[in-house]
Amino acid sequence: MATTGKKTAAPATAMPRLLAGGNPQIPKGEGDGPVQAWIAGVPEDKREAARQLDALIVAAVPGVRKAVKWNSPLYAARDDGWFLSMHCYARYIKVAFFRGAALAPPPPEPSKSQDTRYLHVPADAPLDVAQFTRWVKQAARLPGERM
């Protein structure tokens, strides 16, 4: 049988390849679909935490814009840039607040960038939902990061 040389797309049910550290490899795209594909591809032990983070962001920021770039979900409140991103690692999900140094109190983990602060969300530890929601609401009011 002759082949056409065209590559066929992977079935929609195929799990994405995990990159080093456990982050799912997801094609870039705008909207909720690529973000949900990223969540579905997160290793099972951290998937519920990823779902919870996404749901809390959506609840805190009505009309939030979503995208996946560089294998990470991004969230924006307006058209002026992104305020938050997530990335999956072996032991936690890293939430990046791009203007996190301006949040009160700032998220606990420092960055090489003076503006960015991180929150590490392990699968086996409870999330402080109230504090996370306060950070998301504050971050959404700040100018976003252009990417």
Side-chain angles (χ1 to χ4, degrees), residues 7 9-147:
K7 292 183 180 181
T13 59
M15 290 300 286
R17 182 171 80 89
L18 294 180
L19 301 170
N23 196 53
Q25 185 176 29
I26 301 294
K28 78 178 191 175
E30 297 278 333
D32 187 52
V35 173
Q36 294 309 313
W38 182 86
I39 292 169
V42 166
E44 191 172 342
D45 64 327
K46 289 178 274 316
R47 195 170 301 142
E48 188 52 41
R51 277 190 193 107
Q52 180 185 28
L53 292 168
D54 180 69
L56 290 169
I57 295 164
V58 168
V61 184
V64 70
R65 287 184 33 239
K66 300 182 188 184
V68 170
K69 295 183 182 188
W70 306 286
N71 301 305
S72 294
L74 296 161
Y75 297 81
R78 296 170 304 283
D79 290 335
D80 69 348
W82 308 101
F83 68 87
L84 181 148
S85 177
M86 293 191 282
H87 196 87
C88 187
Y89 289 93
R91 293 186 295 201
Y92 54 83
I93 295 173
K94 180 186 250 183
V95 178
F97 290 93
F98 298 123
R99 303 280 184 243
L103 304 180
E109 302 298 328
S111 170
K112 291 178 185 176
S113 162
Q114 71 183 66
D115 292 333
T116 302
R117 297 289 292 194
Y118 299 111
L119 175 66
H120 295 170
V121 181
D124 59 353
L127 175 66
D128 183 340
V129 170
Q131 181 60 65
F132 181 76
T133 300
R134 284 191 295 273
W135 281 329
V136 168
K137 288 179 177 183
Q138 287 178 56
R141 289 191 299 264
L142 298 172
E145 183 72 27
R146 293 268 181 207
M147 293 186 197

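These figures come from a predicted structure and were not determined experimentally. Side chains are part of it too, since the values below use all heavy atoms of this structure and drop only hydrogens, waters and symmetry mates.
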Assess whether side-chain contact (heavy atoms from CB on, under 4.5 Å) is satisfied between Arg134 and Leu103, documenting all intermediate values. CA-CA 9 Å; Arg134 284 191 295 273; Leu103 304 180; over 6 Å; no

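- When every heavy atom of Asn71 is checked against every heavy atom of Gln25, the shortest pair comes out as OD1-CA, 3.3 Å.
- Put simply, CD1 on Ile39 and CG on Asp54 are 4.0 Å apart, with the number rounded to the nearest 0.5 Å.
- Summarising the geometry of Ser72 relative to His87, their closest heavy-atom pair is OG-ND1, 2.8 Å, with the distance given to 0.1 Å.
- Counting only distance, with no hydrogens or angles, the side chain of Trp135 and the backbone of Pro105 share a donor-acceptor pair below 3.5 Å.
- Closest non-hydrogen pair, Ser111 versus Thr116, comes out as CB-O, 3.2 Å.
- Atom CZ in Phe132 sits 12.0 Å away from atom NZ in Lys137 (nearest 0.5 Å).
- The distance from atom CZ of Arg65 to atom CH2 of Trp82, rounded to the nearest 0.5 Å, is 4.5 Å.
- Judged by distance alone, the side chain of Arg99 and the main-chain N or O of Ala139 form no donor-acceptor pair under 3.5 Å.
- Other residues, nucleotides and ligands contribute at most 12 non-hydrogen atoms within 6.0 Å of the CZ atom of Arg91.
- Just one of Val95, Val42, Asn23 meets the side chain to side chain contact (heavy atoms under 4.5 Å, CB included) condition when paired with Met86; it is Val95.
- Note that CD of Gln36 and CZ of Arg51 are 8.5 Å apart. Values are rounded to the nearest 0.5 Å.
- Note that the NZ atom of Lys28 and the CH2 atom of Trp70 stand 7.5 Å from one another [nearest 0.5 Å].
- Residue Lys66 forms a side chain to side chain contact (heavy atoms under 4.5 Å, CB included) with just one option from Leu74, Ile57, Val58, and that option is Val58.
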Output side-chain donor-acceptor pairs under 3.5 Å for residues 118-130, partner residues at least two apart or in another chain, one line each.
unit_1 : atom_1 : unit_2 : atom_2 : d
Asp128 : OD1    : Ala130 : N      : 3.4
Asp128 : OD1    : Gln131 : N      : 3.1

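- Of the residues Pro106, Ser85, Pro107, the one that meets the side chain to side chain contact (heavy atoms under 4.5 Å, CB included) test with Phe97 is Pro107.
- Looking only at side-chain heavy atoms (C-beta outward), Val61 and Phe83 come within less than 4.5 Å of each other.
- Between Gln138 and Ala102, the shortest heavy-atom distance links the atoms OE1-O, 4.5 Å.
- When all heavy atoms are compared, the tightest approach of Pro34 to Ile26 is O-CG2, 3.9 Å.
- How far CH2 of Trp38 is from SG of Cys88: 5.5 Å, rounded to the nearest 0.5 Å.
- Contact detail for Ala67 and Val35: the closest heavy-atom pair is O-CG2, 3.7 Å.
- Under a 3.5 Å cut-off, the side chain of Lys69 and the backbone N or O of Met147 do form a donor-acceptor pair.
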